[in-house]
Amino acid sequence: MNDWTKRIPEKYKDHLLKVREQQLQIAKKLELQKGISLEEVQLVAGFDTAFDDENNIACSAAVTVDIETLETVEKQFTYFKPKIPYVPTFLYEREGPGYKKLFQQIKEEPDVLLFDGNGILHPFGCGLASQIGYELKKPTIGVAKKLLLGTFEGPLKEGGYSEIIHHEQVLGVAFQSLPSPAKPIFISQGNYINLKTAVNVVRFFTQTQQFQKKLPLPLFLAHLFAKEKLGKE
DNA sequence: GCGACAG
DNA sequence: ATCTTGTCGC
């Protein structure tokens, strides 16, 4: 049995243990069977955050891309002060405030939101993407660069994928978006979307470009934009 | 038994 | 996440 409470700083323990309860409650209410279908997806927004610990400031950015034309239709950003440090399994507590503020600034309603991190691929079934999808009532997908938990059959060939299993449950998919030396990315459902659609959306945005990228285009662009607005090209 | 641990 | 040079491979 893993103990995910051991790395919680004493200072934040009271608060984070309450958040843990919320995660467990939200996990039960997620819509993961039906939700949006690929045909209904037109605008996809990628969200990412860059940090400047020196000045205790962070910048969250969102870039919305049209799935048909691959054109950027909107870019937004906002600054905010992180309230807690990064604690494994509580990423939402650190980056969530920036995303909620940012979402309100978006004018053209996206159909799907992509986040750096996990959805249900989380020890309590409720990662960053799921928590936000629940609060905003929007279809969301989590895309992580490192595996938080679970196992999958590898090695993967370029373009190949494999289910991520944990406690005999399929919690996501490992997808080899780039050739061999590179590690795969880990896709999981946030809310209001099924795994198949989530994987198709991410795959689409990593392959339909002239230059292959590890992360789906909206996330790649949001990452650049957030860093740019923090003055750290 | 200890430790792993999204960004 | 972020700090950063050289270095390996196609």
Side-chain angles (χ1 to χ4, degrees), chain A residues 1-9 12-13 16-17 19-20 23 26-27 46-62 77 79-100 102 113-133 140-152 158 164-167 171-175 177-191 198 202 211-212 214-216 218-220 222-233:
Chain A
M1 279 301 137
N2 295 332
D3 183 0
W4 297 90
T5 68
K6 281 189 174 172
R7 291 179 59 168
I8 300 178
Y12 307 99
K13 212 152 194 173
L16 294 183
L17 289 181
V19 172
R20 175 118 302 159
Q23 292 177 337
I26 294 175
F47 288 71
D48 191 28
T49 300
F51 294 87
D52 179 350
D53 297 321
E54 301 274 288
N55 305 299
N56 185 40
I57 191 77
C59 177
S60 290
F77 70 93
Y79 298 106
F80 73 101
K81 291 187 180 302
K83 293 188 174 68
I84 71 163
Y86 165 69
V87 180
T89 75
F90 292 106
L91 185 58
Y92 177 79
E93 293 305 300
R94 183 162 167 76
E95 303 189 350
Y99 295 141
K100 284 164 74 174
L102 187 56
L113 315 181
L114 296 180
F115 291 91
D116 252 312
N118 297 307
I120 63 171
L121 180 54
H122 178 277
F124 301 91
C126 187
L128 172 74
S130 293
Q131 237 171 123
I132 291 181
T140 56
I141 302 172
V143 180
K145 297 182 288 297
K146 291 179 181 175
L147 188 61
L148 179 59
L149 55 81
T151 57
F152 67 95
E158 180 176 6
I164 297 167
I165 310 293
H166 184 63
H167 291 350
L171 298 186
V173 160
F175 173 57
S177 54
L178 290 181
S180 176
K183 312 262 77 174
I185 55 178
F186 308 98
I187 308 165
S188 61
Q189 306 160 71
N191 199 7
V202 173
F211 296 101
Q212 209 97 341
K214 175 160 185 169
L215 293 174
L219 274 184
F220 175 80
H223 185 69
L224 287 184
F225 195 39
K227 279 200 302 185
E228 177 191 328
K229 287 303 175 183
L230 242 185
K232 294 189 172 181
E233 308 166 49

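Chain letters run A, B, ... following the sequence lines, proteins first and then strands; every chain starts at 1. The shown structure was predicted, so the numbers you read here are calculated from the model rather than taken from an experiment.
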Discussion item. Once you apply a heavy-atom cut-off of 4.0 Å, does A/Tyr86 come out as touching a base, just sugar-phosphate, or nothing?
Written reply: base
Discussion item. Main chain of A/Gly119, side chain of A/Ser188: is a donor-acceptor contact present, judged purely on distance under 3.5 Å?
Written reply: yes
Discussion item. Between P on B/dG7 and CG on A/Leu148, what's the gap in Å once rounded to a whole number?
Written reply: 9 Å
Discussion item. Treating A/Lys214 as the side-chain partner and A/Phe220 as the backbone partner, does any N or O pair qualify as donor plus acceptor under 3.5 Å?
Written reply: no
Discussion item. Between P on C/dT2 and CD on A/Glu228, what's the gap in Å once rounded to a whole number?
Written reply: 14 Å
Discussion item. Any base atoms under 4.0 Å from A/Phe90, or only sugar-phosphate, or nothing? Heavy atoms, all strands.
Written reply: base
Worksheet item: Nearest-Å distance, CG (A/Leu128) to C1' (B/dA6)?
Response: 8 Å
Worksheet item: Taking A/Gln23 for the side chain and A/Thr89 for the main chain, is one N or O donor matched with an acceptor at less than 3.5 Å?
Response: yes
Worksheet item: A/Ala58 near the nucleic acid: base, sugar-phosphate alone, or nothing, with a heavy-atom cut-off under 4.0 Å?
Response: nothing
Fill in: Interatomic distance where CG belongs to A/Leu178 and P belongs to C/dG9 [whole Å]
18 Å
Discussion item. What is the separation between atom NZ on A/Lys214 and atom C1' on B/dG7, rounded to the nearest whole Å?
Written reply: 14 Å
Item to complete: Let me know the distance between CG of A/Asn55 and P of C/dT2, rounded to the nearest Å.
Response: 14 Å
Discussion item. Whether A/Arg94 engages the ring of A/Phe51 as a cation-pi pair (distance to the six-membered ring centre under 6.0 angstrom, angle to the ring normal within 45°) should be assessed.
Written reply: yes
Worksheet item: B/dA6 P sits how many Å from A/Asp116 CG, rounded?
Response: 13 Å
Discussion item. What contact category does A/Lys145 fall into here, base, sugar-phosphate, or nothing, at under 4.0 angstrom with non-hydrogen atoms?
Written reply: sugar-phosphate
Response to the item:
From the candidates B/dG7, B/dA6, C/dT2, the one with an atom nearest any side-chain atom of A/His223 is C/dT2
Discussion item. Would you say the ring centers of A/Tyr92 and A/Tyr99 fall short of 6.0 Å from each other?
Written reply: no
Item to complete: Would you classify A/Leu121 as touching base, sugar-phosphate or nothing, given that sugar-phosphate means primed atoms plus P, OP1 and OP2, and contacts are heavy atoms under 4.0 Å?
Response: nothing
Discussion item. In this structure, how many angstroms lie between the C1' atom of B/dG7 and the CG atom of A/Leu219, rounded?
Written reply: 12 Å
